[in-house]
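Working notes, beginning with the structure itself.
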Amino acid sequence: MSGTTRREALMPDSERIAADLRELSSFTESAEPGWSRRVFSEPYRAARGFVEQRMRGAGLDTHVDAAGNIVGRLAGRRQTLPALMTGSHTDTVHAGGRFDGMVGVLGAIEVARRLRETGTELERDLYVVDFLGEEANPFGLSCMGSRAIAGSLSRDHLDRQDETGLRLGDAMSRFGVAPEHALEMAWSPGSLQGYVELHIEQGPVLERGSKQIGVVTAIAGIERLLASFSGRADHAGTMPMAGRQDALVAAASAVLTIEREACGAPIHGVSTTGRIESSPGSFNIVPDEARIWAEMRSIDASWLQGAKRRVAERIAAEASDRGVDAVLEWLNDSETVSATTSVQDRIAGAADDLGFCWEAMPSGAGHDAAHIAAIAPMGMIFVPSAGGRSHVPEEFTDVADIARGVHLLAASLVDLDRGN
Ligand code: GLV
Ligand code: MN
Ligand code: MN
């Protein structure tokens, strides 16, 4: 078979992908809005059972590793060679959608099926991974499973607590994961020839440009901020405006400062305040306490560090002008990571061979790939998101678009396997 014919033979079965997506999306938290399947929830546990069963059906040897990742292995001819890895996640944000993460896991399983069905034996082992807990969660630690594989999960991470005081390590234990072992299971750099993740774009760029595929160049770094404001409670009817120490107004001013910083930022700089709270929370009392939860992202690491400093200075100065104390806690979620040039080139070359219309683009969303990049050459394939919507129940990608991405994933892995 010529290279081109071999690539064409790997065309996935879109009906099968659609059926798997439908079935996976039936595992949701019924009392929650949208398609919620948050990490450690019972539907998440059940969905993982479904994923493992589908992996086995595709001929993969499966196990759940020490960090709770579901790992399926398709044995290659020469198991001493550095292996290939692909995958994504099956947890969702609260009130999220049916495609973010799922497309990469089910797409990878479809690739394994097509390799077997077409008798395409790889030289190397191929690992398909459903990574534990990729999404932001109450413990403040995304990408738990991929961090463990990359060796960047730390004891401090396990000590992080949710709002009820539950430690992440204890939540993992309850879920059946041994957190102590998760700290010691890193794959060595050099054990992987390459990692490629298929994902929905989650933004509007491909659809607006009528492109079928995005070849990811870099993944944005993420800095998260919890800012706490302390002022003075007073009677809302009698305290003149000039004499107030209103914590909520200081917080609101910080929200605008955070928004302003990213307007006009170079190369995909964004900032968002996702939550604000104040107390005592009454019509007729000037709030004495307020908190905001915000984040800033960019693929320009130096802009991100500068923005963080500028925002911190402005928030402190504006709060002080109002007689309010501001305490800022920054939490680095992930650093800006470039996709490996040689992997980008392989994906782009395979897309050209398959006749797909593609565009090179950065990812504003975080991904497991950003962590696996510490131990392996990394690349990502994006498929369009309808209306650019994601992290909402309306998230949608047409199965024909997904199938194109799965086809390209298969072709890219075969090329990486052969070192073409
Ligand atoms: C994950 O989806 C993130 O980008 O927050
Ligand atoms: Mn995702
Ligand atoms: Mn997500």
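Computed from heavy atoms alone, side chains included, the values below leave out hydrogens, waters and symmetry copies.
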Holding to side chain to side chain contact (heavy atoms under 4.5 Å, CB included), I want the full list of residues that pass it with Q161, two or more places apart in sequence or in another chain. R167
Would you be so kind as to tabulate the donor-acceptor pairs closer than 3.5 Å made by side chains of residues 326-333, with sequence neighbours excluded?
{"from": "N332", "atom 1": "ND2", "to": "E223", "atom 2": "OE2", "distance (Å)": "3.0"}
{"from": "D333", "atom 1": "OD1", "to": "S142", "atom 2": "OG", "distance (Å)": "2.7"}
{"from": "D333", "atom 1": "OD1", "to": "R224", "atom 2": "NH1", "distance (Å)": "3.0"}
{"from": "D333", "atom 1": "OD2", "to": "S142", "atom 2": "OG", "distance (Å)": "3.3"}

Salt bridge check: are E318 and R322 linked by an N-O gap of less than 4.0 Å? no
Check for a donor-acceptor pair, side chain of R113 on one end and backbone N or O of R16 on the other, with a separation under 3.5 Å. no
Heavy-atom check, side chain of F131 versus side chain of V105, under 4.5 Å: no
Between P82 and L192, is there a side-chain heavy-atom distance shorter than 4.5 Å? no
T257 side chain vs S253 backbone, donor-acceptor pair below 3.5 Å: yes
Side chains of Q202 and S385: do they bring a donor and an acceptor to under 3.5 Å? no
Determine whether the side chains of T118 and T120 contain a donor N or O and an acceptor N or O closer than 3.5 Å. yes
Among residues two or more places apart or on two chains, list those pairs meeting salt bridge (Lys or Arg N to Asp or Glu O under 4.0 Å) that have a residue in residues 250-259. none
Is it the case that over 12 heavy atoms from other parts of the model lie below 6.0 angstrom from the CZ atom of R155? no
For P138, enumerate each residue passing the side chain to side chain contact (heavy atoms under 4.5 Å, CB included) test, keeping only those at least two apart in sequence or located in another chain. D162
The criterion is side chain to side chain contact (heavy atoms under 4.5 Å, CB included); which residues satisfy it with S363, sequence neighbours excluded? V216, I219, A365, H367, F382
Spacing of CD1 belonging to I258 relative to CZ belonging to R314, to within rounding of 0.5 Å: 11.5 Å
Under 3.5 Å, side chain of S36 to main-chain N/O of H94, donor-acceptor pair present? no
Partner residues of E394 under the salt bridge (Lys or Arg N to Asp or Glu O under 4.0 Å) criterion, sequence neighbours left out: R389
Charged N to carboxylate O below 4.0 Å: is that the case for E42 and R45? yes
If a pair satisfies salt bridge (Lys or Arg N to Asp or Glu O under 4.0 Å) and one of its residues is in residues 70-95, list it, with sequence neighbours excluded. D61-R73, R73-D125, R77-E121, R77-E123, R78-E123
Measure the spacing between CD1 of I375 and OG of S152 and express it to the nearest 0.5 Å. 9.0 Å
Separation between CD1 (I402) and CD1 (I200), nearest 0.5 Å, reads 8.5 Å
State whether a side-chain donor-acceptor pair under 3.5 Å links E295 with T272. no
Measuring only between side-chain heavy atoms, which start at C-beta, is L21 closer than 4.5 Å to L106? yes
Contacts of P280 that satisfy side chain to side chain contact (heavy atoms under 4.5 Å, CB included) - sequence neighbours left out: I285, D288
Is any side-chain heavy atom of V270 closer than 4.5 Å to one of H268? yes
Identify, with sequence neighbours excluded, every residue that meets salt bridge (Lys or Arg N to Asp or Glu O under 4.0 Å) alongside R54. D20, E23
Whether the side chain of R114 engages the backbone of A9 through a donor-acceptor N/O pair (distance < 3.5 Å, no angle test) should be reported. yes
Are a donor atom and an acceptor atom from the side chains of H89 and D368 found within less than 3.5 Å of each other? no
Are E163 and R275 within salt-bridge range, i.e. N to O under 4.0 Å? yes
Are any side-chain N or O atoms of E110 and backbone N or O atoms of D13, one a donor and one an acceptor, separated by less than 3.5 Å? yes
Is it the case that atom NE2 in H63 sees more than 12 heavy atoms from other parts of the structure closer than 6.0 Å? yes
Contacts satisfying salt bridge (Lys or Arg N to Asp or Glu O under 4.0 Å) that involve residues 200-221 (not counting sequence neighbours) are K211-E359
Report the residues that fulfil salt bridge (Lys or Arg N to Asp or Glu O under 4.0 Å) with R309, sequence neighbours left out, ordered by chain and then residue number. none
Measure centre to centre between the rings of Y127 and W187, then say whether the value is under 6.0 Å. yes
E29: partners by salt bridge (Lys or Arg N to Asp or Glu O under 4.0 Å), with sequence neighbours left out: R38
Look at the rings of F50 and F27 and say which category their plane angle falls in: under 30° parallel, 30 to 60° tilted, over 60° perpendicular. tilted
Would you compute the distance between atom CG of L408 and atom CG of L10 and round it to the nearest 0.5 angstrom? 11.5 Å
